[in-house]
Number of protein chains: 2
Amino acid sequence: MGTVKNKENVREASCKEELTAMRDSIDILGGKWKLLIMRYLTNRTTESNHFKKIQRGIDGISAKMLSKELKDLELNLMVTRTIQDTRPVTVNYSITEYGTSIIPVTDMLVQWGLNHREKIRD
Amino acid sequence: MGTVKNKENVREASCKEELTAMRDSIDILGGKWKLLIMRYLTNRTTESNHFKKIQRGIDGISAKMLSKELKDLELNLMVTRTIQDTRPVTVNYSITEYGTSIIPVTDMLVQWGLNHREKIRD
DNA sequence: GCTATTAGTTAACTTTAGGTAACTAGTTAC
DNA sequence: GTAACTAGTTACCTAAAGTTAACTAATAGC
(Lines give C-alpha, C1' and ligand atoms only; values in the text may rest on other atoms or scores of the structure.)
Protein backbone atom coordinates (compact mmCIF):
# COMPACT_ATOMS: atom_id res chain seq x y z
CA MET A 1 0.00 0.00 0.00
CA GLY A 2 1.31 3.44 -1.00
CA THR A 3 3.83 1.76 -3.28
CA VAL A 4 4.94 3.09 -6.62
CA LYS A 5 3.11 0.21 -8.27
CA ASN A 6 -0.13 1.20 -6.58
CA LYS A 7 0.15 4.81 -7.65
CA GLU A 8 0.78 3.63 -11.15
CA ASN A 9 -2.31 1.43 -11.07
CA VAL A 10 -4.49 4.28 -9.84
CA ARG A 11 -3.28 6.54 -12.62
CA GLU A 12 -3.75 3.76 -15.11
CA ALA A 13 -7.35 3.35 -13.98
CA SER A 14 -8.18 7.05 -14.16
CA CYS A 15 -6.65 7.12 -17.63
CA LYS A 16 -8.99 4.32 -18.71
CA GLU A 17 -11.94 6.29 -17.41
CA GLU A 18 -10.88 9.30 -19.41
CA LEU A 19 -10.55 7.20 -22.52
CA THR A 20 -14.01 5.75 -21.95
CA ALA A 21 -15.47 9.23 -21.62
CA MET A 22 -13.80 10.28 -24.84
CA ARG A 23 -15.05 7.18 -26.55
CA ASP A 24 -18.57 8.26 -25.61
CA SER A 25 -17.98 11.68 -27.09
CA ILE A 26 -16.63 10.19 -30.27
CA ASP A 27 -19.55 7.80 -30.59
CA ILE A 28 -22.03 10.63 -30.27
CA LEU A 29 -20.28 13.40 -32.18
CA GLY A 30 -18.12 11.39 -34.57
CA GLY A 31 -18.55 11.00 -38.29
CA LYS A 32 -18.42 13.44 -41.12
CA TRP A 33 -21.34 15.69 -40.34
CA LYS A 34 -22.53 16.06 -36.74
CA LEU A 35 -20.02 18.63 -35.56
CA LEU A 36 -20.45 20.61 -38.75
CA ILE A 37 -24.19 20.73 -38.19
CA MET A 38 -23.72 21.80 -34.58
CA ARG A 39 -21.32 24.51 -35.65
CA TYR A 40 -23.67 25.75 -38.33
CA LEU A 41 -26.48 26.01 -35.80
CA THR A 42 -24.39 27.79 -33.17
CA ASN A 43 -23.45 30.39 -35.76
CA ARG A 44 -27.08 31.33 -36.22
CA THR A 45 -28.90 30.85 -32.96
CA THR A 46 -30.91 34.03 -33.48
CA GLU A 47 -32.39 32.95 -36.79
CA SER A 48 -34.68 30.26 -38.02
CA ASN A 49 -32.78 27.31 -39.43
CA HIS A 50 -34.99 25.18 -41.54
CA PHE A 51 -33.99 21.98 -43.23
CA LYS A 52 -33.22 23.30 -46.69
CA LYS A 53 -31.33 26.26 -45.33
CA ILE A 54 -29.05 24.02 -43.29
CA GLN A 55 -28.52 21.79 -46.28
CA ARG A 56 -27.52 24.77 -48.39
CA GLY A 57 -25.22 25.99 -45.64
CA ILE A 58 -23.25 22.78 -45.32
CA ASP A 59 -21.52 21.91 -48.56
CA GLY A 60 -22.15 18.44 -49.85
CA ILE A 61 -24.54 17.08 -47.26
CA SER A 62 -27.44 15.07 -48.67
CA ALA A 63 -31.01 15.20 -47.44
CA LYS A 64 -30.67 11.65 -46.21
CA MET A 65 -27.63 12.34 -44.09
CA LEU A 66 -28.90 15.66 -42.77
CA SER A 67 -32.16 14.06 -41.75
CA LYS A 68 -30.43 11.16 -40.06
CA GLU A 69 -27.86 13.25 -38.24
CA LEU A 70 -30.45 15.71 -37.00
CA LYS A 71 -32.47 12.82 -35.59
CA ASP A 72 -29.42 11.50 -33.75
CA LEU A 73 -28.62 14.94 -32.38
CA GLU A 74 -32.22 15.37 -31.26
CA LEU A 75 -32.09 12.03 -29.43
CA ASN A 76 -29.01 13.25 -27.61
CA LEU A 77 -30.80 16.46 -26.63
CA MET A 78 -28.50 18.62 -28.70
CA VAL A 79 -31.10 20.14 -31.04
CA THR A 80 -34.84 20.67 -31.08
CA ARG A 81 -37.14 20.23 -34.01
CA THR A 82 -40.19 22.42 -34.40
CA ILE A 83 -42.66 22.41 -37.24
CA GLN A 84 -43.51 25.88 -38.43
CA ASP A 85 -46.99 26.60 -39.73
CA THR A 86 -45.89 28.27 -42.93
CA ARG A 87 -46.75 27.63 -46.59
CA PRO A 88 -44.98 25.51 -47.59
CA VAL A 89 -44.38 23.94 -44.20
CA THR A 90 -40.88 24.54 -42.82
CA VAL A 91 -39.24 22.67 -39.99
CA ASN A 92 -36.99 24.60 -37.71
CA TYR A 93 -33.96 23.17 -36.01
CA SER A 94 -32.19 24.94 -33.22
CA ILE A 95 -29.51 24.15 -30.75
CA THR A 96 -30.65 23.49 -27.20
CA GLU A 97 -29.29 25.18 -24.11
CA TYR A 98 -27.59 21.89 -23.38
CA GLY A 99 -26.32 21.67 -26.95
CA THR A 100 -24.33 24.85 -26.42
CA SER A 101 -22.02 22.77 -24.22
CA ILE A 102 -20.40 21.68 -27.46
CA ILE A 103 -19.34 25.19 -28.48
CA PRO A 104 -15.95 25.06 -26.70
CA VAL A 105 -15.20 21.87 -28.60
CA THR A 106 -16.10 23.21 -32.03
CA ASP A 107 -14.29 26.47 -31.27
CA MET A 108 -11.13 24.50 -30.58
CA LEU A 109 -11.55 22.38 -33.69
CA VAL A 110 -11.98 25.45 -35.90
CA GLN A 111 -8.88 27.04 -34.42
CA TRP A 112 -6.92 23.85 -34.65
CA GLY A 113 -7.92 23.28 -38.26
CA LEU A 114 -6.91 26.80 -39.27
CA ASN A 115 -3.61 26.50 -37.45
CA HIS A 116 -2.87 23.06 -38.81
CA ARG A 117 -3.22 24.19 -42.40
CA GLU A 118 -0.53 26.83 -41.73
CA LYS A 119 1.68 24.27 -40.03
CA ILE A 120 1.50 21.69 -42.78
CA ARG A 121 2.23 24.28 -45.48
CA ASP A 122 5.90 24.20 -44.40
CA MET B 1 -23.07 48.53 -50.04
CA GLY B 2 -23.54 48.30 -46.28
CA THR B 3 -26.89 46.65 -46.83
CA VAL B 4 -28.34 43.95 -44.64
CA LYS B 5 -27.94 41.50 -47.51
CA ASN B 6 -24.23 42.27 -47.74
CA LYS B 7 -23.66 41.78 -44.04
CA GLU B 8 -25.46 38.50 -44.30
CA ASN B 9 -23.25 37.40 -47.18
CA VAL B 10 -20.07 38.27 -45.30
CA ARG B 11 -21.18 36.28 -42.28
CA GLU B 12 -22.21 33.42 -44.54
CA ALA B 13 -18.73 33.37 -46.05
CA SER B 14 -16.89 33.41 -42.73
CA CYS B 15 -19.15 30.60 -41.56
CA LYS B 16 -18.12 28.54 -44.59
CA GLU B 17 -14.48 29.13 -43.75
CA GLU B 18 -15.04 27.93 -40.23
CA LEU B 19 -16.75 24.82 -41.48
CA THR B 20 -13.88 24.15 -43.85
CA ALA B 21 -11.40 24.44 -41.00
CA MET B 22 -13.42 22.03 -38.92
CA ARG B 23 -13.66 19.64 -41.83
CA ASP B 24 -9.85 19.60 -41.90
CA SER B 25 -9.73 18.80 -38.21
CA ILE B 26 -12.27 16.02 -38.62
CA ASP B 27 -10.38 14.55 -41.57
CA ILE B 28 -7.16 14.43 -39.58
CA LEU B 29 -8.42 13.49 -36.13
CA GLY B 30 -11.62 11.64 -36.99
CA GLY B 31 -12.29 7.93 -36.72
CA LYS B 32 -12.38 5.59 -33.81
CA TRP B 33 -8.82 5.74 -32.56
CA LYS B 34 -6.70 8.84 -33.26
CA LEU B 35 -7.94 11.03 -30.45
CA LEU B 36 -7.75 8.13 -28.01
CA ILE B 37 -4.12 7.55 -28.95
CA MET B 38 -3.32 11.22 -28.57
CA ARG B 39 -4.99 11.29 -25.18
CA TYR B 40 -3.13 8.21 -24.07
CA LEU B 41 0.17 9.79 -25.03
CA THR B 42 -0.55 13.14 -23.37
CA ASN B 43 -1.30 11.29 -20.15
CA ARG B 44 2.20 9.90 -20.06
CA THR B 45 4.56 12.37 -21.66
CA THR B 46 7.22 11.67 -19.05
CA GLU B 47 7.44 7.96 -19.75
CA SER B 48 8.43 5.79 -22.62
CA ASN B 49 5.45 4.65 -24.64
CA HIS B 50 6.28 1.70 -26.78
CA PHE B 51 3.97 0.00 -29.20
CA LYS B 52 2.78 -2.86 -27.03
CA LYS B 53 2.28 -0.64 -24.04
CA ILE B 54 0.04 1.70 -26.00
CA GLN B 55 -1.88 -1.26 -27.35
CA ARG B 56 -2.45 -2.57 -23.83
CA GLY B 57 -3.48 0.88 -22.66
CA ILE B 58 -6.17 1.36 -25.29
CA ASP B 59 -8.86 -1.30 -25.00
CA GLY B 60 -9.67 -3.15 -28.18
CA ILE B 61 -7.21 -1.60 -30.62
CA SER B 62 -5.50 -4.06 -32.95
CA ALA B 63 -1.86 -3.95 -33.97
CA LYS B 64 -2.88 -3.14 -37.50
CA MET B 65 -4.97 -0.14 -36.54
CA LEU B 66 -2.49 1.15 -33.99
CA SER B 67 0.29 0.93 -36.53
CA LYS B 68 -1.72 2.69 -39.20
CA GLU B 69 -3.02 5.44 -36.95
CA LEU B 70 0.43 6.16 -35.53
CA LYS B 71 1.76 6.52 -39.06
CA ASP B 72 -0.98 8.99 -39.91
CA LEU B 73 -0.33 10.98 -36.75
CA GLU B 74 3.38 11.01 -37.47
CA LEU B 75 2.74 12.34 -40.97
CA ASN B 76 0.73 15.14 -39.43
CA LEU B 77 3.60 15.96 -37.05
CA MET B 78 1.61 14.97 -33.99
CA VAL B 79 3.86 12.17 -32.74
CA THR B 80 7.44 11.07 -33.19
CA ARG B 81 8.68 7.54 -33.55
CA THR B 82 12.07 6.53 -32.18
CA ILE B 83 13.59 3.11 -32.24
CA GLN B 84 15.11 2.16 -28.92
CA ASP B 85 18.19 -0.01 -28.86
CA THR B 86 16.86 -2.49 -26.32
CA ARG B 87 16.51 -6.29 -26.39
CA PRO B 88 14.01 -6.97 -27.75
CA VAL B 89 13.87 -3.78 -29.77
CA THR B 90 11.20 -1.36 -28.62
CA VAL B 91 9.83 1.57 -30.55
CA ASN B 92 8.93 4.64 -28.63
CA TYR B 93 6.14 6.98 -29.56
CA SER B 94 5.75 10.37 -28.01
CA ILE B 95 3.69 13.42 -28.60
CA THR B 96 5.44 16.34 -30.25
CA GLU B 97 5.47 19.87 -28.94
CA TYR B 98 3.10 20.69 -31.78
CA GLY B 99 0.98 17.67 -30.90
CA THR B 100 0.22 19.16 -27.51
CA SER B 101 -1.95 21.68 -29.36
CA ILE B 102 -4.59 18.98 -29.32
CA ILE B 103 -4.78 18.78 -25.53
CA PRO B 104 -7.46 21.46 -25.15
CA VAL B 105 -9.61 19.49 -27.59
CA THR B 106 -9.25 16.15 -25.83
CA ASP B 107 -9.73 17.82 -22.45
CA MET B 108 -13.04 19.17 -23.66
CA LEU B 109 -14.09 15.86 -25.10
CA VAL B 110 -13.33 14.01 -21.88
CA GLN B 111 -15.31 16.56 -19.87
CA TRP B 112 -18.14 16.53 -22.34
CA GLY B 113 -18.30 12.75 -22.39
CA LEU B 114 -18.43 12.53 -18.59
CA ASN B 115 -21.08 15.22 -18.41
CA HIS B 116 -23.15 13.74 -21.20
CA ARG B 117 -23.41 10.39 -19.47
CA GLU B 118 -24.90 12.16 -16.44
CA LYS B 119 -27.26 14.12 -18.64
CA ILE B 120 -28.58 11.13 -20.55
CA ARG B 121 -29.16 9.15 -17.35
CA ASP B 122 -32.28 11.29 -16.71
C1' DG C 1 15.33 -26.48 -30.97
C1' DC C 2 11.23 -24.49 -28.49
C1' DT C 3 9.08 -20.63 -26.48
C1' DA C 4 8.58 -15.83 -25.66
C1' DT C 5 9.41 -11.13 -26.27
C1' DT C 6 9.38 -7.02 -29.34
C1' DA C 7 7.06 -4.53 -33.71
C1' DG C 8 4.94 -4.77 -36.96
C1' DT C 9 2.72 -6.65 -42.01
C1' DT C 10 -0.49 -9.04 -44.90
C1' DA C 11 -4.66 -11.08 -46.71
C1' DA C 12 -9.28 -11.99 -46.35
C1' DC C 13 -13.26 -10.60 -44.53
C1' DT C 14 -17.27 -7.90 -42.38
C1' DT C 15 -19.43 -3.87 -41.12
C1' DT C 16 -20.87 0.60 -41.39
C1' DA C 17 -20.81 5.12 -43.09
C1' DG C 18 -22.05 7.61 -46.64
C1' DG C 19 -23.53 8.71 -51.66
C1' DT C 20 -27.07 8.68 -55.46
C1' DA C 21 -31.27 8.89 -57.26
C1' DA C 22 -35.97 8.16 -57.36
C1' DC C 23 -39.92 8.65 -54.77
C1' DT C 24 -43.97 10.47 -51.35
C1' DA C 25 -46.77 14.14 -49.68
C1' DG C 26 -48.75 18.64 -48.82
C1' DT C 27 -49.25 23.25 -50.61
C1' DT C 28 -49.04 27.20 -53.88
C1' DA C 29 -48.89 29.53 -58.19
C1' DC C 30 -49.41 29.56 -63.11
C1' DG D 1 -52.69 19.75 -64.80
C1' DT D 2 -47.98 20.83 -64.30
C1' DA D 3 -44.27 22.93 -62.19
C1' DA D 4 -42.08 24.37 -57.85
C1' DC D 5 -41.48 24.75 -53.12
C1' DT D 6 -41.16 22.50 -48.55
C1' DA D 7 -39.33 18.04 -45.78
C1' DG D 8 -38.25 14.27 -45.83
C1' DT D 9 -38.03 8.57 -47.02
C1' DT D 10 -36.57 4.50 -49.44
C1' DA D 11 -33.76 1.25 -51.91
C1' DC D 12 -29.61 0.28 -53.90
C1' DC D 13 -24.89 0.58 -54.08
C1' DT D 14 -19.84 1.74 -53.14
C1' DA D 15 -15.96 2.84 -50.60
C1' DA D 16 -13.86 3.25 -46.48
C1' DA D 17 -13.17 1.78 -41.90
C1' DG D 18 -12.23 -1.66 -39.00
C1' DT D 19 -11.61 -6.81 -37.42
C1' DT D 20 -9.35 -11.27 -37.24
C1' DA D 21 -5.88 -14.29 -37.61
C1' DA D 22 -1.79 -15.84 -39.51
C1' DC D 23 2.68 -14.54 -40.65
C1' DT D 24 7.78 -12.28 -40.70
C1' DA D 25 11.97 -11.01 -38.39
C1' DA D 26 15.20 -10.11 -34.74
C1' DT D 27 16.71 -11.42 -30.18
C1' DA D 28 16.96 -13.85 -25.74
C1' DG D 29 16.35 -17.57 -22.27
C1' DC D 30 15.79 -22.33 -21.19
Side-chain angles (χ1 to χ4, degrees), chain A residues 19-20 22-41 44 47-76 78-95, chain B residues 19-20 22-41 44 47-76 79-94:
Chain A
L19 293 188
T20 301
M22 214 162 65
R23 238 180 255 256
D24 287 350
S25 296
I26 292 169
D27 284 348
I28 290 160
L29 303 168
K32 198 171 170 180
W33 300 114
K34 290 208 185 72
L35 287 170
L36 295 178
I37 295 169
M38 289 305 290
R39 182 70 183 185
Y40 182 86
L41 292 178
R44 28 191 84 255
E47 311 164 41
S48 80
N49 295 304
H50 56 261
F51 191 86
K52 275 286 168 188
K53 185 177 171 192
I54 301 173
Q55 197 184 355
R56 283 191 212 103
I58 302 176
D59 259 23
I61 195 167
S62 66
K64 174 194 158 187
M65 286 309 293
L66 182 55
S67 171
K68 189 215 153 222
E69 302 291 66
L70 284 169
K71 268 181 198 160
D72 291 350
L73 290 170
E74 208 190 344
L75 269 176
N76 280 302
M78 307 292 285
V79 306
T80 51
R81 176 183 189 273
T82 48
I83 298 172
Q84 234 94 16
D85 195 12
T86 52
R87 300 304 129 95
V89 167
T90 54
V91 175
N92 198 56
Y93 292 92
S94 51
I95 195 165
Chain B
L19 294 188
T20 300
M22 214 162 64
R23 238 180 254 256
D24 288 349
S25 297
I26 292 170
D27 284 348
I28 290 160
L29 304 168
K32 197 171 170 179
W33 301 114
K34 291 210 183 72
L35 286 171
L36 295 178
I37 295 169
M38 290 303 290
R39 182 69 183 186
Y40 182 87
L41 293 178
R44 24 192 85 254
E47 313 164 39
S48 80
N49 296 303
H50 56 260
F51 191 85
K52 275 287 168 188
K53 185 177 171 192
I54 302 173
Q55 198 184 353
R56 284 191 211 102
I58 301 175
D59 259 24
I61 195 167
S62 66
K64 177 193 160 190
M65 284 310 292
L66 182 54
S67 171
K68 191 215 151 222
E69 302 290 65
L70 284 168
K71 268 181 198 158
D72 291 350
L73 289 170
E74 208 190 343
L75 270 175
N76 279 302
V79 306
T80 51
R81 176 183 188 273
T82 48
I83 298 171
Q84 234 94 17
D85 195 10
T86 52
R87 303 301 127 98
V89 168
T90 53
V91 176
N92 198 56
Y93 292 91
S94 51

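In what follows, every chain begins at residue 1, and chains take the letters A, B, ... in the order their sequences are listed. These numbers come from the heavy atoms of this one structure, side chains and all, not from hydrogens, waters or symmetry mates.
Put simply, the side chain of V91(B) does not reach to within 4.5 Å of the side chain of T82(B), judged on heavy atoms. Side-chain contact check for T90(A) versus F51(A): every heavy-atom pair is 4.5 Å or farther apart.
Atom CG in N92(B) sits 10.5 Å away from atom CD in E47(B) (nearest 0.5 Å). In this structure, CD1 on I54(A) lies 12.0 Å from NZ on K52(A), to the nearest 0.5 angstrom. Atom-to-atom distance recorded for M22(A):CE and D24(A):CG is 11.0 Å, nearest 0.5 angstrom.
Between V89(A) and K34(A), the residue whose closest nucleotide on DNA chain C is further toward the 5' end is K34(A).
Nucleic acid contact for T90(A): sugar-phosphate only, since backbone atoms but no base atoms lie under 4.0 Å from a heavy atom of the residue. In this structure, K53(A) reaches neither bases nor backbone, as no heavy-atom distance under 4.0 Å exists between it and the strands shown.
Not one N or O on the side chain of N76(A) forms a donor-acceptor pair closer than 3.5 Å with the backbone of I28(A).
The minimum heavy-atom distance linking L36(A) with K32(A) is given by the pair CD1-O, 3.4 Å.
Contacts between chain A and DNA chain C, taken as any atom within less than 4.0 angstrom of a protein heavy atom, begin and end at dG18(C) to dT28(C).
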Just distance, no hydrogens or angles: give the donor-acceptor pairs under 3.5 Å from side chains in residues 58-73 of chain A, sequence neighbours left out.
residue: D59(A); atom: OD1; partner: K16(B); partner atom: NZ; Å: 3.2
residue: S62(A); atom: OG; partner: M65(A); partner atom: N; Å: 3.2
residue: E69(A); atom: OE1; partner: K34(A); partner atom: NZ; Å: 3.3

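The interatomic distance linking I58(B) (CD1) with dT19(D) (P) rounds to 12 Å, in whole Å.
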List, with names and distances, any nitrogen or oxygen atoms from the protein found under 3.5 Å away from nitrogen or oxygen atoms belonging to nucleotides 12-18 of chain D.
residue: dG18(D); atom: OP1; partner: K32(B); partner atom: N; Å: 2.8

